[in-house]
Amino acid sequence: MKTPQIVRTRAQLRAALDAARPESTGFVPTMGALHSGHGELFARARAENDLVVISIFVNELQFNDPGDYAKYPRTLEADVELAAAAGVDLVFAPDAKEIYPDGAPLIAVSSGKLGELYEGASRPGHFDGMLAVVAKLLNLADPRHGTYRAYFGQKDAQQLLLIRRMVADLCYPVQICSVPIVRTEQGLALSSRNALLDDDQRHAALVISRAIRMIAERAARHEPLNIDDAIGLFQMEPLVELDYFVVVDPRTLQELAFNCQDTPFTGEGLILVAAVVGGVRLIDNQPI
Ligand code: AMP
């Protein structure tokens, strides 16, 4: 197992990329506290590229809640071990001054109307802050040589859609690749925030994937979805506070009405869910 090169500054990152001159580069931005979900992104990047670069940066700009930022898990040593096991070549782990030398950027990318829905409605400013850092990181990790791919998880479906739109709208020379959600055996979507749950909360949180499965199975059988039944499952879990459970158009995120008792499901949709468990916000989704 090879230890990845760890770089802390933009200049070191540029020097390492210039020295490598790879035919293809796979870049995976993360906030650290790495788990097998991130591992899956690294594995895809490893399988498809000569050089694999990851970043680890907890981006304060995308946290609307300072408490959430303060308690976000930070585990750099273990992260480097996981990156090494996944065959990552280069880890960019900057501090905030390196990314925002002049403080919050004056000129910023706006997530527009798509960024005001769902996660954006519950976490004002979240997506603008996320795009601010992804816009920068995609430039900083640009190999300026060969094929450039960046990898994102379908776990953050709204984020993925916004990044695809930013890259298309601003003509970034990078291919965006997406990786399916990695779950525990019981179904809980892996998340760095799961580390903040105790056993009871983790067990209660399984209602999220259970509710998704109920609706996805109905969709697969072309039955009426009756999503109120899924919402009812949450009412039986006092530890879990549902924020939203919706079925949306996967391209526009506009909500589709699926409560009709006798309208069978046809076409395409995306189930989007957010819930709070013990003060920890969890999101999940599934295309149907
Ligand atoms: P984060 O460190 O939470 O910002 O996540 C970094 C990347 O890993 C994002 O593209 C996420 O969508 C992706 N990711 C996080 N959890 C999972 C998961 N359970 N399955 C697949 N991708 C994930």
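Just follow the structure's listing: the first ligand is 1, and inside any ligand the first atom is 1. These numbers were taken from a predicted model, which means no experiment stands behind them.
The pair Asp243-Arg281 counts as a salt bridge, with a side-chain nitrogen and a carboxylate oxygen less than 4.0 angstrom apart.
Around ligand 1 you find Pro29, Thr30, Met31, His35, Gly37, His38, Leu41, Tyr72, Phe152, Gly153, Lys155, Asp156, Gln159, Pro180, Ile181, Val182, Leu190, each with a heavy-atom distance below 4.0 Å.
Legend: residues meeting side-chain hydrogen bond (donor to acceptor under 3.5 Å, both in side chains) with Asp68, ordered by chain and number and at least two apart, are Arg193. For Arg164, the side-chain contact (heavy atoms from CB on, under 4.5 Å) partners two or more places apart in sequence, or in a different chain, are Leu160, Ile176, Ser178.
If you check the side chains of Tyr151 and Asn49, you find a donor sitting under 3.5 Å from an acceptor.
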Decide salt bridge (charged side-chain N to carboxylate O under 4.0 Å, His left out) for Lys2 and Asp89; before the verdict, give the C-alpha distance in whole Å, the side-chain angles of both, and the deciding distance to 0.1 Å.
CA-CA 8 Å; Lys2 193 186 79 175; Asp89 299 301; 2.8 Å; yes
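Note on residues 20-72: pairs passing ring-ring contact (aromatic ring centres under 6.0 Å, His included), not counting sequence neighbours, are His35-His38, Phe63-Tyr69, Phe63-Tyr72.
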